[in-house]
Amino acid sequence: QVQLEESGGGLVQTARSLRLSCAASGRTFDDYAMDWFRRAPGTEREFVAAIKLDRNITTYAPSVRGRFTIAGDNAKRTTFLQMNSLKAEDSAVYYCAYPVYLRGTWTGDYWGQGSEVTVSR
């Protein structure tokens, strides 16, 4: 069982920055991976970024590449999403997710409750 809690969301102006945090607890591994997703009203859930913490390998959606940075503090089991040069279209509820694999096959994610980000225009 894994519990995730996002924090750091809020209201921010266009072109400013914001940092989200995702704290994990429960039965996680030292080399766990973490994903960030977001959902805006009237849209499908969108992948944002992912990190493989054991190798520090990161993946970004084209819409955020060059503006967002994902990082982690494995000792604190916390993952961060640094969001720079924010745009109005970045407004969404942001969720972190912990993917679970069985014999190398993805079986599902644990999800946090979400943290809302609103970028004013």
Side-chain angles (χ1 to χ4, degrees):
Q1 183 70 30
V2 176
Q3 295 81 43
L4 305 175
E5 183 174 356
E6 302 94 338
S7 62
L11 176 64
V12 64
Q13 291 183 320
T14 299
R16 303 295 290 271
S17 298
L18 202 64
R19 188 180 75 165
L20 302 181
S21 299
C22 176
S25 61
R27 297 183 180 273
T28 61
F29 295 101
D30 291 340
D31 60 347
Y32 73 99
M34 193 67 68
D35 305 336
W36 283 95
F37 291 82
R38 67 187 183 186
R39 183 189 294 274
T43 69
E44 297 286 335
R45 184 182 64 191
E46 178 188 14
F47 169 78
V48 176
I51 185 169
K52 307 294 184 183
L53 294 176
D54 59 334
R55 295 178 289 175
N56 200 33
I57 297 174
T58 58
T59 304
Y60 298 95
S63 59
V64 306
R65 181 178 295 276
R67 299 187 298 116
F68 290 12
T69 302
I70 187 172
D73 185 337
N74 204 38
K76 299 180 179 180
R77 296 198 293 177
T78 301
T79 304
F80 305 97
L81 184 67
Q82 178 68 42
M83 304 183 293
N84 298 328
S85 302
L86 283 164
K87 306 174 181 179
E89 52 263 42
D90 295 319
S91 297
V93 178
Y94 285 72
Y95 301 88
C96 59
Y98 177 77
V100 178
Y101 296 87
L102 179 62
R103 295 190 294 272
T105 301
W106 176 78
T107 60
D109 291 346
Y110 290 96
W111 293 88
Q113 296 299 310
S115 184
E116 186 170 6
V117 173
T118 302
V119 183
S120 64
R121 296 180 289 179

A.B. asks: Do Leu81 and Leu86 belong to the same hydrophobic cluster, where Ile, Leu, Val, Met, Phe, Trp and Tyr are linked whenever their side-chain heavy atoms lie under 4.5 Å apart, directly or via other members?
C.D. replies: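 They do share one cluster, since a chain of ILVMFWY contacts under 4.5 Å joins Leu81 to Leu86.
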A.B. asks: Give me each pair satisfying side-chain hydrogen bond (donor to acceptor under 3.5 Å, both in side chains) with a member in residues 34-51, each pair once, sequence neighbours excluded.
C.D. replies: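 Non-adjacent pairs meeting side-chain hydrogen bond (donor to acceptor under 3.5 Å, both in side chains): Arg38-Glu46, Arg38-Asp90, Arg38-Tyr94, Glu46-Ser63.
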A.B. asks: What pairs of residues pass the disulfide bond (SG atoms under 2.5 Å apart) test when at least one of them lies in residues 49-93, not counting sequence neighbours?
C.D. replies: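 For residues 49-93, and leaving out neighbouring residues, there are no disulfide bond (SG atoms under 2.5 Å apart) pairs at all.
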A.B. asks: Which atom pairs, donor and acceptor, lie under 3.5 Å between side-chain atoms of residues 110-121 and protein residues at least two apart or in another chain?
C.D. replies:
residue, atom, partner, partner atom, Å
Ser115, OG, Gly9, N, 3.0

A.B. asks: For Ile57, which fellow cluster members are found when Ile, Leu, Val, Met, Phe, Trp and Tyr are connected by side-chain heavy-atom distances below 4.5 angstrom, either directly or through intermediates?
C.D. replies: none
A.B. asks: With rounding to the nearest 0.5 Å, note down the distance linking CZ in Phe80 to OG1 in Thr69.
C.D. replies: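 That separation rounds to 13.0 Å.
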A.B. asks: Which residue pairs pass the ring pair (Phe, Tyr, Trp, His ring centres under 6.0 Å) test with at least one member in residues 48-73, sequence neighbours excluded?
C.D. replies: none
A.B. asks: I'd like to know if the side chain of Glu6 reaches the main chain of Cys96, judged simply by a donor and an acceptor atom lying under 3.5 Å from each other, with no hydrogens or angles considered.
C.D. replies: yes
A.B. asks: Shortest non-hydrogen contact from Arg77 to Ser25?
C.D. replies: NH2-CA, 3.4 Å
A.B. asks: Which atoms form the tightest heavy-atom contact between Ile70 and Met34, and what is the distance?
C.D. replies: CD1-O, 4.0 Å
A.B. asks: Which pairs pass side-chain hydrogen bond (donor to acceptor under 3.5 Å, both in side chains) with one or both residues in residues 8-24, sequence neighbours excluded?
C.D. replies: Ser17-Asn84
A.B. asks: For the atom pair CG (Leu18) and CD (Gln82), what is the distance rounded to the nearest 0.5 Å?
C.D. replies: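 Rounded to the nearest 0.5 Å, the CG-CD separation comes to 8.0 Å.
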A.B. asks: Any disulfide bond (SG atoms under 2.5 Å apart) pairs touching residues 49-95, not counting sequence neighbours?
C.D. replies: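 For residues 49-95: none.
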A.B. asks: How far apart are the closest heavy atoms of Leu4 and Ala24, and which atoms are they?
C.D. replies: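 Closest approach of Leu4 to Ala24, heavy atoms only: CD2-CB, 3.6 Å.
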A.B. asks: How close do Ala92 and Ala40 get, heavy atom to heavy atom, and via which atoms?
C.D. replies: CB-N, 3.8 Å
A.B. asks: Identify the heavy atoms of Pro99 and Ala33 that sit nearest to each other, and give their distance.
C.D. replies: CD-O, 3.6 Å
A.B. asks: Quick one: list whatever passes side chain to side chain contact (heavy atoms under 4.5 Å, CB included) with Thr107, sequence neighbours left out.
C.D. replies: Val100, Leu102
A.B. asks: Applying side chain to side chain contact (heavy atoms under 4.5 Å, CB included), can you list everything that pairs with Asn56, at least two apart in sequence or on another chain?
C.D. replies: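 Expected list: Ile51.
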A.B. asks: Could you identify which residues cluster with Trp106, counting Ile, Leu, Val, Met, Phe, Trp and Tyr as linked when any side-chain heavy atoms lie under 4.5 Å apart, either directly or through a chain of such contacts?
C.D. replies: Tyr101
